[in-house]
Amino acid sequence: MSFTITVRQGPARLASRLPQLTKSSFRSAAPIRAFHQTATKPSNFFTSRPIVASTLLRSTPKNAFAQSSRSYQQSAAPAVDSGSMIRRLLTGGAIFGGTLIAINAVFNRETREDGGMPAFERSYLNSTFLHTGLGVGIIGLTARQMIQSGFVYRLMVTSPWVVAIGGLALSFGTMLGTRAIDPDNYVPKYALWTAFNATQAAFIAPLIAFAPGPLIARAGLYTVAMMGAISFVGATAKQEKYMYIGGPLLAGAAIVAVSGLAPLVIPATAVRTLAFTENIWLYGGLAVFGGFTLYDVQKILYHARMAERGIIKKDPVNESISLELDFLNIFIRMVQILMMQQNRRK
């Protein structure tokens with residue numbers, strides 16, 4: 001007990017002697033320096049890695065090997081990122097080239113007989129693609145803002161049926177309203193078109209919120225590659241060659257939609273049936289909306305010829321809505337397929 005009492009009285013004695021120590025600081029500098037050195041050694045030991053790294057970089061030349069090893073590791077990290085980025089770009093290029101070659105070999109054996117695409121068709125198609133890219137950009141920025149503001153999480157907390165039915169009603173309402181407005185009436189047409197893009201952003205925002213950023217970028221790259229290849233085939237094919245596939249594509253879209261609703265009806269014990277319907281939803285949906293892209297491109301060129309004759313008015317906003325829906329349906333399935341592959345690797 002006496003030992004513990006003397007230890008507890010030690011700091012008090014030290015505090016009482018502090019004035020004396022300060023007066024004789026020049027004469028007793030060595031003990032004070034030793035006291036401070038013992039306090040700094042444990043702090044260097046328990047500091048975090050970034051602080052240790054900064055102290056190593058500012059140390060004497062005797063730590064040159066540690067400096068060189070850390071600088072080598074830091075320079076190797078961007079090389080890994082650049083390699084993965086190059087691999088993703090090559091994958092997107094392979095998807096573009098493979099889709100282009102396959103569709104050209106199977107579907108595009110008969111090309112245009114009028115000497116190529118006229119200038120008015122090219123201009124109308126470029127204007128439609130410009131509006132499509134603008135619409136996809138609005139959807140992406142709006143979805144990101146919804147995620148950052150917490151609007152997506154509030155939607156997920158509310159009743160899913162109310163959100164689904166209300167979202168579908170707003171989506172169809174804004175789409176039909178945009179299509180009904182005359183193209184010369186710019187302000188209400190572009191206002192409803194922006195509202196339509198906002199409703200589409202509300203649909204895809206929950207998916208983007210739980211998917212990592214690199215995966216979203218890969219899915220976007222693959223979607224652009226696939227749609228670009230199919231659009232090229234549709235633009236260079238014979239006039240009105242694929243206009244007949246609209247009916248079969250609608251039937252396929254109905255089957256894909258029913259397969260997406262299958263988990264609400266089929267019990268969870270039917271694992272094989274659910275897996276089969278999921279494959280129809282994913283891969284069958286890719287095929288169906290890839291076909292819709294081919295059909296929509298040829299429909300745009302057909303409308304360009306009709307507008308050139310004065311039968312209808314040019315309306316690239318209405319044409320871009322179809323391509324935006326194709327892009328979103330392909331993009332959603334690309335994200336789901338990549339997420340499934342990532343989960344299997346884990």
Item to check | side-chain contact (heavy atoms from CB on, under 4.5 Å) assessment of S231 paired with F129 | outcome: CA-CA 10 Å; S231 299; F129 281 138; 3.8 Å; yes

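- Looking at Q239 and Y302, their side chains never come closer than 4.5 Å, going by heavy atoms from C-beta outward.
- A distance-only check finds no donor-acceptor pair linking the side chain of Q200 to the backbone of S171 [under 3.5 Å].
- Side-chain contact between Y222 and L338 is present, with heavy atoms from C-beta onward closer than 4.5 Å.
- Atom-to-atom distance recorded for M227:CE and T293:OG1 is 4.0 Å, nearest 0.5 angstrom.
- Formation of a donor-acceptor pair under 3.5 Å by the N343 side chain with backbone atoms of M339 is found in this model.
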Checklist entry - Would E308 and Y124 count as a side-chain hydrogen bond (donor to acceptor under 3.5 Å, both in side chains) if you check the C-alpha gap in whole Å, the side-chain angles of each, and the deciding distance to 0.1 Å? => result CA-CA 10 Å; E308 185 69 17; Y124 191 61; over 6 Å; no

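- R218 is not listed as a side-chain neighbour of P214, based on a closest heavy-atom distance of 4.5 Å or more.
- One hydrophobic cluster, built from ILVMFWY side chains closer than 4.5 Å, cannot hold both I280 and V288; they sit in different ones.
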Item to check | Verdict with supporting geometry, F203 and L168, side-chain contact (heavy atoms from CB on, under 4.5 Å) | outcome: CA-CA 9 Å; F203 276 116; L168 285 175; 4.1 Å; yes

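- L249 and L328 end up in the same hydrophobic cluster when Ile, Leu, Val, Met, Phe, Trp and Tyr side chains are linked at under 4.5 Å.
- Not one N or O on the side chain of E319 forms a donor-acceptor pair closer than 3.5 Å with the backbone of T128.
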Name each donor-acceptor pair under 3.5 Å that joins a side chain in residues 260-277 to protein atoms two or more places apart or in another chain, with its distance.
residue	atom	partner	partner atom	Å
T277	OG1	T273	O	3.2
T277	OG1	L274	O	2.7

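- When side chains are defined from C-beta on, N197 does not count as touching V136, because their heavy atoms never get closer than 4.5 Å.
- When all heavy atoms are compared, the tightest approach of I330 to G290 is CD1-N, 4.2 Å.
- P183 is not listed as a side-chain neighbour of K314, based on a closest heavy-atom distance of 4.5 Å or more.
- Between M340 and L282, the closest side-chain pair of non-hydrogen atoms falls below 4.5 Å.
- Other residues, nucleotides and ligands place more than 12 heavy atoms under 6.0 Å from the CZ atom of R122.
- Here the CG atom belonging to L294 is positioned 14.5 Å from the CZ atom belonging to F289, to the nearest 0.5 angstrom.
- Taking A209 as the reference, I147, Y153 meet the side-chain contact (heavy atoms from CB on, under 4.5 Å) condition, with sequence neighbours excluded.
- A continuous path of Ile, Leu, Val, Met, Phe, Trp and Tyr side chains, each step under 4.5 Å between heavy atoms, connects M334 with I332, placing both in one hydrophobic cluster.
- Note on I139: it clusters hydrophobically with F292, by side-chain heavy-atom contacts below 4.5 Å among ILVMFWY residues.
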Checklist entry - Between F196 and L325, does a side-chain contact (heavy atoms from CB on, under 4.5 Å) hold up when you go through it step by step? => result CA-CA 11 Å; F196 167 76; L325 293 176; 3.9 Å; yes

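- For the pair R333 (side chain) and W281 (backbone), a donor-acceptor distance under 3.5 Å is present.
- No donor-acceptor pair closer than 3.5 Å links the side chain of S123 to the backbone N or O of A119.
- Residues satisfying the salt bridge (charged side-chain N to carboxylate O under 4.0 Å, His left out) criterion with D326, sequence neighbours excluded, are absent altogether.
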Checklist entry - Hey, mind stepping through V224 and F327 against side-chain contact (heavy atoms from CB on, under 4.5 Å) and telling me if it holds? => result CA-CA 8 Å; V224 170; F327 181 91; 3.9 Å; yes

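- Inter-residue side-chain proximity for E278 and S259 is flagged as unmet; no heavy-atom pair is nearer than 4.5 Å.
- Formation of a donor-acceptor pair under 3.5 Å by the Q145 side chain with backbone atoms of G140 is not found in this model.
- Taking the six-membered ring where tryptophan is involved, the planes of Y190 and W193 are perpendicular, since the angle between them exceeds 60° and thus also 30°.
- Side chains of I230 and V297 form no contact here, defined as non-hydrogen atoms less than 4.5 Å apart.
- A salt bridge does not link D184 to K189: none of the charged nitrogens lies less than 4.0 Å from a carboxylate oxygen.
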